[in-house]
Amino acid sequence: MHRRDFLTLGGLGIGALVLPPFIGRAIAAEELMLALDAGLKRQLADVALEAATGGGASYCDVRIGRYLRQFVMTREDRVENVVNEESTGVGVRVIANGAWGFAATSELTPQAVVQAARQATAIARANARIQVEPVQLAPVRGVGEVSWRTPIERNAMEVPVEEKVALLLGVNADAINAGADFVSSRMFAVNEQKYFASTDGSYIDQDVHRIWAPFTVTAVDKVSGRFRTRDGLSAPMGMGYEYLGADPAGRIELPGGVVAYTTSYDMREDAVAAAKQAREKLSAPSVEPGRYDLVLDPSHLFLTIHENVGHPLELDRVLGYEANYAGTSFATVERMREGLKYGSERVNFFADKTQPGSLGAVAYDDEGVKCKRWDLVKDGMLVDYQATRDQAHILGKTESDGCSYADSWSTVQFQRMPNVSLAPGKAPLTVAEMIADVEDGIYIHGRGSYSIDQQRYNAQFGGQLYYEIRNGEVTRMLEDVAYQIRTPEFWNACSAICDERDFRLGGSFFDGKGQPSQVSAVSHGSATTRFDGINVINTARSLG
């Protein structure tokens, strides 16, 4: 077995087994449909606010949460695991003497919540003794009592486990019948029932839903023992179970015979294609290293956006406050003010926590700030970052960007990446028309392995499917492809972006940050995009 194959196999095994930590309890599937009493949430919020302000806090917010997760995991003709989890409790955050304090409790009683509020205030006072500058919060106008729910047609938590298992085992059987030797499929459903209240006068009730159905197929050459894999090309979405359907309106046929999915996902069709393509990989020629024009599908480009746009424009990384999970950022405030040319004039990145169907879509963030859309890179120039209420003044802003998030009632909220997307091209351009203008290039689909340095500047990305482009035509599949980039040089090499008809979302269902670690879910949209003269390496030759 080659070292590259061993690393691939090992990574797939780990990825299928390791799940983010979760402070909660196992429950029966029927309990996933329950919700906390609205009157109880208001009562607990009021007693917490009163206890905190009565104890000397100048500000207090309360998050009462019920976080639900269901994971269904299968392999070939068997179910490997079904996990139903619930975590419920109250988190209280305060400012006292100019410093933050936080405490939480899993007991939903007035007495426990009052104790948490008092503890948070005591922690804030202790923190104030060593704090150099007081916390400065950007103002937020209270909205009173409001509610919001992810627009869904069918709550995934209400779908019987038997139906989900039948779908996944059907996916596995279809892949095996189409030529796969091994296949594993999973389904992740998440429901965050979040109630936020603050001394600003807000009582915000939100019901957030997300779903993801990944799979991996493996084809083996019985003679040589070589194998190749292909992961599913779906995106995790902020939708209900209706996403896992076969609606033709959510299906796009692309050059090279690849199918993309938008508002619905035919998992069984994708599994059949994956089995055939994994077997085709076994005989695909290895890429010749060199400079190529790259045509990057949104199913691939989302990860590049995530790693070298989303993360380096998080203000806490920019300021050096955060360095976990691959470091800080090259895109400093000083460089922005000096005029950092992040990309070519056609490159426009925007942040938007209101995008329909996206993983990060909510009406209000975890500080009670109404979510919005704003520009990060405009006509190629870096113009802004992602800021929370206590960061806004650093940039001279008068309001937060609404990108505060905590993955649990038991964890304190902090700055997390909103949906960050590349705006589609303004001129009409289809994928076929883009490819027709490429003489020597590579067309890449799907997320693969990657690496990036501690400043989010130098990086290397692989994918799932690679197709050679010669004289304007997609000719054959390639293997062992990865491209190397420096972030500004890469985005300045962007020469064309397809129009809004091709705009699609990809995303990360478990994006890690912080210490102790928290996970969030975030989407990144784009249309198919072309980059000229990018350095491509042969990963088989690089690893030996």
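Atoms considered below: every heavy atom in the structure, side chains included; atoms not considered: hydrogens, waters and symmetry mates.
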Under 4.0 Å between a side-chain nitrogen and a carboxylate oxygen: does that hold for Arg504 and Asp297?
yes
Centroid-centroid distance, Phe490 to Phe531, less than 6.0 Å
yes
Test of ring centre spacing under 6.0 Å for Phe302 and His300:
no
Over all atoms of both residues, closest heavy-atom pair of Ala527 and Cys498
CB-O, 3.3 Å
Check the side chains of Asn172 and Glu76 for a donor-acceptor pair under 3.5 angstrom, ignoring hydrogens and angles.
no
What are the two closest heavy atoms between Thr411 and Asp407, and how far apart are they?
OG1-OD1, 2.9 Å
Salt bridge Lys164-Glu162, side-chain N to carboxylate O under 4.0 Å:
no
Please verify the inter-ring angle class for Phe503 with Phe350; under 30° counts as parallel, over 60° as perpendicular, anything in between as tilted.
parallel
Is a side-chain donor-acceptor pair under 3.5 Å present for Asn535 with Tyr483?
no
Can you find a side-chain donor-acceptor pair between Asp532 and Ser495 that sits under 3.5 Å?
yes
Whether the side chain of Asp270 engages the backbone of Asp266 through a donor-acceptor N/O pair (distance < 3.5 Å, no angle test) should be reported.
no
Under a plain distance cut-off of 3.5 Å, with no hydrogens placed, do Ser286 and Glu479 share a side-chain donor-acceptor pair?
no
Glu500 atom CD: more than 12 heavy-atom contacts under 6.0 Å:
no
In terms of side-chain heavy atoms, does Glu307 have a donor or acceptor partner in Tyr450 at a distance below 3.5 Å?
yes
For the residue pair Lys513 / Asn324, report whether a side-chain donor-acceptor contact shorter than 3.5 Å exists.
no
We want to know whether Thr328 and Glu322 form a side-chain donor-acceptor pair, criterion being a heavy-atom distance below 3.5 angstrom.
no
Between Asn419 and Asp352, do the side chains contain a donor N or O and an acceptor N or O under 3.5 Å apart?
no
Could Glu439 and Arg291 be called an ion pair, given the rule that one side-chain N must be under 4.0 Å from one carboxylate O?
no
Hey, do the aromatic rings of Tyr342 and Phe330 have their centres closer than 6.0 Å?
yes
Glu269 with Arg251: basic N within carboxylate O range, under 4.0 Å:
yes
Lys372/Asp401 ion pair, N-O < 4.0 Å:
yes
Just by distance, with hydrogens left out, do Thr216 and Ser184 show a side-chain donor and acceptor under 3.5 Å apart?
no
In terms of heavy-atom contacts, does NZ of Lys276 have more than 12 from other residues, nucleotides or ligands at under 6.0 Å?
no
Might you point out which heavy atoms bring Ile152 and Asn155 nearest each other, and give the distance in Å?
CD1-CA, 3.8 Å
So, taking the atom named CZ in Arg149 and the one named CD in Gln193, what distance separates them when rounded to the nearest 0.5 Å?
9.5 Å
What one should report as the nearest heavy-atom pair of Gly402 and Lys353 is O-CD, 3.0 Å
Given 3.5 Å as the limit, does a donor-acceptor pair link the side chain of Asn308 with the main chain of Tyr457, or not?
no
Minimum-distance pair of heavy atoms, taken over all atoms of Leu505 and Ser523:
CD2-CB, 4.3 Å
Do the side chains of Arg66 and Glu192 get close enough for a salt bridge, i.e. N-O under 4.0 angstrom?
no
Looking only at the side chains, is there a donor atom on one of Thr539 and Arg541 sitting less than 3.5 Å from an acceptor on the other?
no
Carboxylate-amine/guanidinium contact Asp293 Arg530, below 4.0 Å:
yes
Charged N to carboxylate O under 4.0 angstrom, Glu85 versus Arg69?
yes
Answer yes or no: are there more than 12 heavy-atom neighbours, outside Arg486 itself, under 6.0 Å from its atom CZ?
no
Can you confirm whether or not the ring centre of Phe188 sits under 6.0 Å from the ring centre of Phe510?
yes
Is the closest basic N to carboxylate O distance between Asp365 and Arg416 below 4.0 Å?
no
Which residue, Thr528, Thr529, Thr430, forms the side-chain hydrogen bond (donor to acceptor under 3.5 Å, both in side chains) with Asp502?
Thr528
With no hydrogens and no angle check, just 3.5 Å: does a side-chain donor-acceptor pair link Gln464 and Arg230?
no
Does atom CD of Glu473 have more than 12 heavy-atom neighbours from other groups under 6.0 Å away?
no
